[in-house]
Peer 1: 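Below are the structure tokens for one structure; questions will follow.
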Amino acid sequence: MKFVFTIALLQLLVMGSSLAQNFDYSASPAAEATDRCAIINIAMDESHSMTSAEQDFMRQTAIPRMAETLYSDQYQFDHVFVCSLGFGFLEVNEEFDFENEVNRRKLENLNIDDEDFFGFHLGCTTANPDGTLNNNGVTGWLASDQEGEGEDGYAAVIRAIQDVPSEIDNIDLLTSCGTLAKNMILVTDEDRDELVPEATIQTVRQKVADTGYILNEVVAVNIREGDIGVRFNYPIDPIDTALETQQFLDSPSPIDYEGAKNEFFVATGGGNWTTEIVYDDWRNLVTNADANEFSKEHYGPLIQNTRGALWSLEVLRNGTAEGNQDIANAFADAFVSIKVDEMVDINPEATIVPTEDDTSVPATQEPSAAPTKNLPDPGSNGDPHFRTWNNEHFEYHGQCDMVLTKDSHFADGLGLEVQIRTKLVRFWSYIKSAAIQIGDDILEVRGNENNPDDGTTNYWMNLEENGKLSTIGGFPVTMRVQSKDKRLFIIDLDSRFPGQQIKISTFREFVRIDFAQANKEAFGNMVGLLGQYVTGKTLARDGATVLSDFSEFGAEWQVLPFETMLFHDTEQPQFPQKCIEPEDPRGFRRRRLDEEAVTEGEAVAACDGLSDPLDRKDCVYDVLATQNLEMVG
């Protein structure tokens, strides 16, 4: 390999190397460190076969949008840093800018020289809230004009992680950053050339784990039939053991892939995308883009059983072709969304944090903070009355699947999401089904819609109809038959959150969800139709806009394609079809005057026993809408 540079530049490199100090990932933040920080670290292939498509995507789309999102009011990061390394560049000409190479030295403990894998660390800089960089040279990647280079992605990942400096743009990471989310992105169109034998699968995985990164790889693979990406966060050993055992059996039984959960990120047309879940060995679902290469075998194991993901470089390149803008948009939206979610999930303090203004507005003008005691339980009634975390009552009578509430950080990252499915009847609607996911478990409860008088219990546990009820996400779940028409499911969170329960009750075709004795410890990060717990505000999905029009607010939280639908079946409408709304949600009050079997006086008397005045009002509404006095409570 030939390098052309001046003695002065060489001295500058040596000086930079000796003065620069690497960030100590094992050190604890200083006591005064309170900022929320993130590092986006990229190892970019600069070999001859690379095109401008993938480099421009990272430089012009992925990095700016990730930075803008992390800085947004929804996540409120204080600093977003961008670091990068180029590798596989065979020849450097005189015009190449060496000034960014502030950390040009051997890899610690592995004795890997730059020359060993044709690598150049381009340094780190700060991204601004508008997505621009303070130093564009950090993403000044090139493509070699020489063929015959080698690309060792393993060494590149280790080197990129090591060479993050302790100070970036005069910001000391340990004295400034109370929390530091870290995402490592490898981009290469070749399989791995073993230029550095010491860099093995084990050493790469260990480096990523020890430093707290999540590794993502944009590599030359095909994922099923043109999917954007896939995450396979499960151990492969049980599958390998089963495959090995089969070799010794005359009549081997099919392999049980329970637990082998693959999350596929799939383009759905119009620039949109969604997530699909498939239980299988990921190696059956991913192939090499070039049959003569081994990107799947080399790079897949690096993210096996981690929260990282594998992304198809082929789909990304196809998205840049003329007429394929929808693919490009879907790839960009999925990639940015998943990366931000990963960084937020490992940095829970950064999620939807209220500003001082959020908590200082008088309660007469804006919703006050979420309840802590002496208020009714938040939740939703079967004839959809929603009672927010702040005890604000509202109605939304659209028909669709909606996110009642969710928090990916619930119980130290286990995650909790509740979706509801509503059905329109004349001029009002009701909740016909509710599905709750905690961890990987899903409990779906449906009212007795078809035969409301026969007392049937309808539920699905992990998609199995009337499956065994034991635990959901490790929390006990039980079902009680309260009467012929009433069922009560209780998820007991007491082992982790004393006194906390989630209750799902059914009466005939109606479903109700309540969060008993809800407190901040358990539900402090929840967002959705029940509002934001921290501020009590009815926020849009952007985490900043307060929606006071509840028709708009309800439609805002329709389940979207990128969210996993929790129900065992699909019913219309599904986004991009909008929720179906009645022409006049209150119209039945006037139209029923000549046909009511239950009078308003009877409804008021039946609901009089409820202590909360807003609950009494909702109760009267329900009784009159359904003409059924048993709707009380």
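Throughout, residue positions are numbered sequentially from 1 according to the sequence presented.
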Peer 1: Testing the basics here: between Ala309 and Ile303, what is the closest heavy-atom pair and its distance to 0.1 Å?
Peer 2: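 Ala309 and Ile303 have their closest heavy atoms at C-CD1, 3.3 Å.
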Peer 1: Any donor-acceptor pair under 3.5 Å linking the side chain of Asp169 with the backbone of Ile171?
Peer 2: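 A pair under 3.5 Å: no.
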Peer 1: Do Gln419 side-chain atoms and Thr564 backbone N/O form a donor-acceptor pair below 3.5 Å?
Peer 2: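 Checked: pair present.
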Peer 1: Would you give the length of the straight line joining atom CZ of Phe57 to atom OG1 of Thr51, rounded to the nearest 0.5 angstrom?
Peer 2: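 Going from the CZ atom of Phe57 to the OG1 atom of Thr51 covers 12.5 Å.
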Peer 1: Under 3.5 Å, is there a donor-acceptor pair between the side chain of Thr203 and the main chain of Thr200?
Peer 2: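 At least one qualifying donor-acceptor pair exists.
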Peer 1: Between CD of Gln55 and OG of Ser84, what distance do you get to the nearest 0.5 Å?
Peer 2: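 These two atoms lie 10.0 Å from each other.
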Peer 1: Would you please say whether a donor-acceptor pair under 3.5 Å links the side chains of Asn128 and Thr132?
Peer 2: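 Short answer, yes.
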Peer 1: Per the disulfide bond (SG atoms under 2.5 Å apart) rule, what does the pair list look like for residues 156-226, sequence neighbours excluded?
Peer 2: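 Only Cys37-Cys177 qualify under disulfide bond (SG atoms under 2.5 Å apart).
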Peer 1: Going through the distances and angles, do Val204 and Ile158 end up as a side-chain contact (heavy atoms from CB on, under 4.5 Å)?
Peer 2: CA-CA 6 Å; Val204 175; Ile158 296 175; 3.9 Å; yes
Peer 1: Which heavy atom in Ala127 sits nearest to a heavy atom in Val82, and how many Å separate them?
Peer 2: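 Closest pair (atom of Ala127, atom of Val82, distance): CB-CG2, 4.1 Å.
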Peer 1: Applying ring-ring contact (aromatic ring centres under 6.0 Å, His included), run through Tyr213 and Tyr25 and close with a yes or a no.
Peer 2: CA-CA 10 Å; Tyr213 277 86; Tyr25 290 96; 5.7 Å; yes
Peer 1: Would you check if there is a donor-acceptor pair between the side chains of Asn216 and Asn183 at a distance under 3.5 Å?
Peer 2: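 Note: Asn183 and Asn216 side chains meet the donor-acceptor criterion.
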Peer 1: Look up atom CZ in Phe331 and atom CD1 in Ile228, then write down how far apart they are to the nearest 0.5 Å.
Peer 2: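 Output value for this atom pair is 7.0 Å.
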Peer 1: Test your reading of the model: is there a side-chain donor-acceptor pair from Glu68 to the backbone of Pro129, 3.5 Å cut-off?
Peer 2: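 The answer is no, because no donor-acceptor pair under 3.5 Å joins these two groups.
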Peer 1: When you measure from the side chain of Asn272 to the backbone of Thr268, do you find a donor-acceptor pair of N or O atoms at a distance under 3.5 Å?
Peer 2: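 Side chain of Asn272 to backbone of Thr268, a donor-acceptor pair under 3.5 Å: no, none is there.
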Peer 1: Give a yes or no on whether the backbone of Asn135 and the side-chain of Thr125 come within a donor-acceptor separation of less than 3.5 Å.
Peer 2: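 Yes, because the side chain of Thr125 sits within donor-acceptor range (under 3.5 Å) of the backbone of Asn135.
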Peer 1: Quick check: do Thr139 and Met58 have side-chain heavy atoms less than 4.5 Å from each other?
Peer 2: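 When only atoms from C-beta onward are counted, Met58 and Thr139 do not touch, as no gap falls below 4.5 Å.
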Peer 1: Check the side chains of Glu190 and Ser47 for a donor-acceptor pair under 3.5 angstrom, ignoring hydrogens and angles.
Peer 2: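 Side-chain D/A pair, Ser47 to Glu190: absent.
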Peer 1: Is it true that the side chains of Tyr154 and Tyr299 contain a donor and an acceptor less than 3.5 Å apart?
Peer 2: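 Short answer, no.
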Peer 1: Quick one: CG on Leu285 to CD1 on Ile223, what's the gap to the nearest 0.5 Å?
Peer 2: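 Taking CG in Leu285 and CD1 in Ile223, the distance rounds to 10.0 Å.
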Peer 1: Please confirm whether the backbone N or O of Phe265 pairs with a side-chain atom of Arg231, one donor and one acceptor, at under 3.5 Å?
Peer 2: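 Flag not set: sc Arg231 to bb Phe265 has no pair under 3.5 Å.
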Peer 1: Could you grab the distance from atom OG1 of Thr287 to atom CZ of Arg224, nearest 0.5 Å is fine?
Peer 2: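 Rounded to the nearest 0.5 Å, the OG1-CZ separation comes out at 12.5 Å.
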Peer 1: What do the steps show when you test Tyr234 against Trp282 for ring-ring contact (aromatic ring centres under 6.0 Å, His included), and what is the final call?
Peer 2: CA-CA 10 Å; Tyr234 54 85; Trp282 70 269; 8.4 Å; no
Peer 1: Would a 4.5 Å heavy-atom cut-off, applied to side chains only, mark Ile236 and Arg283 as touching?
Peer 2: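 Yes - at least one pair of side-chain heavy atoms lies under 4.5 Å apart.
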Peer 1: Working note: Leu313 + Val219, criterion side-chain contact (heavy atoms from CB on, under 4.5 Å); need CA distance, chi angles, decisive distance, verdict.
Peer 2: CA-CA 5 Å; Leu313 186 71; Val219 295; 5.7 Å; no
Peer 1: Taking the side chain as C-beta and beyond, is there a heavy-atom pair between Met44 and Met50 under 4.5 Å?
Peer 2: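 Yes, at least one pair of side-chain atoms sits under 4.5 Å.
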Peer 1: Is it the case that Asn233 and Gln304 place a side-chain donor and acceptor less than 3.5 Å from each other?
Peer 2: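 Asn233 vs Gln304: no donor-acceptor pair found between side chains.
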Peer 1: May I ask you to test the Phe81-Leu173 pair for a side-chain heavy-atom distance under 4.5 Å?
Peer 2: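 Side-chain contact under 4.5 Å: yes.
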Peer 1: Return the minimal non-hydrogen interatomic distance between Phe575 and Pro561, and the atom names on each side.
Peer 2: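 Smallest heavy-atom distance, with atoms named: CD2-CD, 3.4 Å.
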Peer 1: With rounding to the nearest 0.5 Å, note down the distance linking CD1 in Ile239 to CD in Glu244.
Peer 2: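 It is 14.0 Å, given to the nearest 0.5 Å.
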Peer 1: For Tyr75 and Val340: C-alpha separation, side-chain torsions, deciding distance, then whether side-chain contact (heavy atoms from CB on, under 4.5 Å) applies.
Peer 2: CA-CA 9 Å; Tyr75 299 114; Val340 169; 3.8 Å; yes
Peer 1: Are the side chain of Asn262 and the backbone N or O of Tyr279 linked by a donor-acceptor pair below 3.5 Å?
Peer 2: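 No; zero donor-acceptor contacts below 3.5 Å.
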Peer 1: Would you say Ile40 and Met66 make side-chain contact, with heavy atoms under 4.5 Å?
Peer 2: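 They are in side-chain contact.
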Peer 1: Does the pair Arg541/Glu563 count as a salt bridge with the N-to-O cut at 4.0 Å?
Peer 2: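 Glu563 and Arg541: salt-bridged.
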Peer 1: For residues Ala220 and Ser295, report the shortest heavy-atom separation together with the two atoms involved.
Peer 2: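 So the minimum-distance heavy-atom pair works out to O-CB, 3.7 Å.
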Peer 1: So, Glu151 versus Thr188: side-chain donor-acceptor pair below 3.5 Å or not?
Peer 2: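 No, no side-chain donor-acceptor contact under 3.5 Å.
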Peer 1: Could you check whether Ser72 and Asp542, counting side-chain N and O atoms only, form a donor-acceptor pair closer than 3.5 Å?
Peer 2: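 There is no such pair between these side chains.
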Peer 1: I need the minimum non-hydrogen distance between Ile168 and Cys124, along with the two atoms involved.
Peer 2: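 What the structure gives for the nearest pair is CD1-CB, 3.7 Å.
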Peer 1: Is any side-chain heavy atom of Lys406 closer than 4.5 Å to one of Val403?
Peer 2: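 Yes, close enough: below the 4.5 Å cut-off.
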Peer 1: How far apart are the C-alpha atoms of Arg307 and Glu263, what are their side-chain angles, what is the distance that settles it, and do they pass the salt bridge (charged side-chain N to carboxylate O under 4.0 Å, His left out) test?
Peer 2: CA-CA 11 Å; Arg307 290 176 50 248; Glu263 300 173 72; over 6 Å; no
Peer 1: Both conditions, 6.0 Å and 45 degrees, for the charged tip of Arg159 above the ring of Phe87: are they met here?
Peer 2: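 Not satisfied by the 6.0 Å and 45° rule.
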Peer 1: Using every non-hydrogen atom in the two residues, find where Ile442 and Leu566 come nearest and quote the distance to one decimal.
Peer 2: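 What the structure gives for the nearest pair is CG2-O, 3.6 Å.
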Peer 1: For the backbone of Val266 and the side chain of Asp227, can you confirm whether one donor and one acceptor N or O come within less than 3.5 Å of each other?
Peer 2: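 No, the answer is negative, given that no donor and acceptor are paired below the 3.5 Å cut-off.
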Peer 1: With distance as the sole criterion, is a donor-acceptor pair present between the side chains of His79 and Asp35 under 3.5 Å?
Peer 2: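 His79 vs Asp35: donor-acceptor pair found between side chains.
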Peer 1: Apply side-chain contact (heavy atoms from CB on, under 4.5 Å) to the pair Arg317 and Asp189, showing each step before the final yes or no.
Peer 2: CA-CA 10 Å; Arg317 286 178 171 175; Asp189 66 346; 3.0 Å; yes
Peer 1: Evaluate the side-chain proximity of Asn288 to Asp191: yes if any heavy-atom separation is below 4.5 Å, no if none is.
Peer 2: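 No, side chains not in contact.
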Peer 1: Could you check whether any side-chain N or O of Lys296 sits under 3.5 Å from a backbone N or O of Val286, counting only pairs where one atom can act as donor and the other as acceptor?
Peer 2: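 Between the backbone of Val286 and the side chain of Lys296 there is a qualifying donor-acceptor contact (under 3.5 Å).
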Peer 1: Under 6.0 Å from the CD atom of Glu32, do we count more than 12 heavy atoms belonging to anything else shown?
Peer 2: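 Yes, enclosed.
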Peer 1: Can you tell if the side chain of Asp78 reaches within under 4.5 Å of the side chain of Tyr71, non-hydrogen atoms only?
Peer 2: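 They are not in side-chain contact.
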Peer 1: Listed by chain and number, what are the side-chain contact (heavy atoms from CB on, under 4.5 Å) partners of Leu463, not counting sequence neighbours?
Peer 2: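 With sequence neighbours excluded, Leu463 shows a side-chain contact (heavy atoms from CB on, under 4.5 Å) to His568, given in chain and number order.
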